[in-house]
Amino acid sequence: MNTTLLDNKTKQIIQNANSIVFFTGAGISAESGIPTFRGKDGIWNKLKPEELANFNAFLKNPKLVWEWYQHRKEIIHNCQPNPAHKIIAEIQNKFERVSVVTQNIDNLHRRAGSKIVYELHGNIERNYCIDCNKQYGDNVPLKDGLPKCECGGLVRPDVVWFGEYLPQEVFKASEKEAEKCDVFFIVGTTGIVYPAASIIYIAKNSGAYLIEVNTNATDVSPSADKSFFGKAGEMLPQIFLEIL
Ligand code: APR
């Protein structure tokens, strides 16, 4: 990419930033091979979230929901962090504070080496018993194909399903990061799923400089101080190449 992306104002604001937050969605993992939810090949165009990503659906058909998440986990395990995840990790020691507030459950930010990661919608690598709350990693016992805890309770993925509350501690900490940051990147999200998306406007109202990176314009674009329309795996490394 031989054209410079950054105008001087944006360049200076990023260079002078102490604290940077990256608010990310499914789009940042698209180049790793993980499908997004909405848009042309989005998961929710083919499958019904009400049948797969909510607690009642799990109680009604735990085998279907469990197997779907195992299928997604397999896709994720065969994927690698891409240059967008990697550059966020690489710049961690170039600024006073770099944190990630993600809606993704794919664990790719951590796998890329990001240290401060807030998972608003949980993490597909974790599971817990809905009766005794025993925590499980990959070692979930199966009984007749059903994820069963030693106590006999059903084990579910530690992800936030539609209609469920976000983990309050994580949400509160993410709000704090948004309130304190100088620059707030919004990468690969439609920004329409609440309460996660409210973090964007907390940053905006706290005076952060909002930079959107997305292949398409979104509901967030009018609120962004700067939007870069392109692939995160190409745009983010280029932005920091011009900065550092
Ligand atoms: N680089 C940058 N942006 C991209 C790329 C890419 N390579 N590919 C797709 N995008 C953009 C799309 O234009 C879209 O705006 O990523 C966004 C993906 O949006 P969604 O599929 O709606 O995903 P997300 O915003 O993360 O969804 C929020 O909804 O289904 C629930 O819990 C789920 O966390 C998820 C939440």
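One is the number of the first residue; the rest follow in order along the sequence. The analysis underlying the following values was restricted to heavy atoms, covering all of them including side chains, and did not include hydrogens, waters or symmetry mates. All ligand and atom numbering here is 1-based and tracks the order in the structure. Remember, predicted model here, so these are calculated numbers, not experimental data.
- Judged by distance alone, the side chains of Ser29 and His85 do bring a donor and an acceptor atom under 3.5 Å apart.
- Salt bridge annotation for Asp138-Lys73: present, with a cationic side-chain nitrogen under 4.0 angstrom from a carboxylate oxygen.
- In this structure, CZ on Arg111 lies 7.0 Å from NE2 on His77, to the nearest 0.5 angstrom.
- Residues Val159 and Val170 fall into different hydrophobic clusters, defined by Ile, Leu, Val, Met, Phe, Trp and Tyr side chains chained together at heavy-atom separations under 4.5 Å.
- Salt bridge status for Lys172 with Glu169: absent, with no side-chain N to carboxylate O gap under 4.0 Å.
- Gln238 and Glu234 share no side-chain donor-acceptor pair at under 3.5 Å.
- The shortest N/O to N/O separation between Glu31 and ligand 1 falls below 3.5 Å.
- For ligand 1, the atoms sitting less than 4.0 Å from at least one non-hydrogen atom of Gly25 are 26 (O), numbered in the order shown with element in parentheses.
- Residue contacts with ligand 1: Asn216 is placed with a nitrogen or oxygen under 3.5 Å of a nitrogen or oxygen of the ligand (distance criterion only).
- Residue Val213 has no nitrogen or oxygen atom sitting less than 3.5 Å from a nitrogen or oxygen atom of ligand 1, judged on distance alone.
- At the top of the distance list for atom 5 (C) of ligand 1, counting protein heavy atoms only, stands Gly27 O, 3.4 Å.
- Proximity to Phe162 (heavy-atom distance under 4.0 Å) selects the following atoms of ligand 1: 30 (O), 31 (C).
- Glu119 and Asn123 form a side-chain donor-acceptor contact under 3.5 Å, judged by distance and modelled atom types alone.
- Ring planes of Phe22 and Phe240: tilted class, angle from 30 to 60°.
- Nearest non-hydrogen protein atom to atom 4 (C) of ligand 1 is Thr215 OG1, 3.4 Å.
- What sits closest to atom 30 (O) of ligand 1 on the protein, heavy atoms only, is Trp44 NE1, 2.8 Å.
- Contact annotation: the side chain of Phe185 never approaches that of Phe23 to less than 4.5 Å [non-hydrogen atoms, C-beta and beyond].
- At the top of the distance list for atom 1 (N) of ligand 1, counting protein heavy atoms only, stands Ala232 N, 2.9 Å.
- Nearest to atom 26 (O) of ligand 1 among the protein's heavy atoms is Ala26 N, 2.8 Å.
- In terms of protein heavy-atom proximity, atom 34 (O) of ligand 1 is closest to His121 ND1, 2.9 Å.
- Near Ala30, meaning under 4.0 Å from one of its heavy atoms, ligand 1 places the atoms 8 (N).
- With distances taken over non-hydrogen atoms, the option nearest atom 22 (O) of ligand 1 out of Gln103, Glu234, Lys231, Arg38 is Arg38.
- Interface of Thr36 with ligand 1, defined as ligand atoms under 4.0 Å from a residue heavy atom, comprises 21 (O).
- The single protein non-hydrogen atom nearest to atom 24 (P) of ligand 1 is Thr189 OG1, 3.8 Å, given as residue, atom name and distance.
- Taking atom 12 (C) of ligand 1 as the reference point, the nearest protein heavy-atom neighbour is Asn214 OD1, 3.5 Å.
- Ionic pairing of Arg97 and Glu177 is present here: one or more N-O contacts between side-chain nitrogen and carboxylate oxygen are shorter than 4.0 angstrom.
- Inclusion of Val193 in the set of residues having an N or O under 3.5 Å from an N or O of ligand 1 is not warranted.
- Look at Asp225 and Lys9 and you find no salt bridge, because none of the NZ, NE, NH1 or NH2 atoms lies under 4.0 Å from a carboxylate O.
- Set against the non-hydrogen atoms of Gly188, the atoms of ligand 1 under 4.0 Å away are 3 (N), 16 (O), 17 (C), 18 (C).
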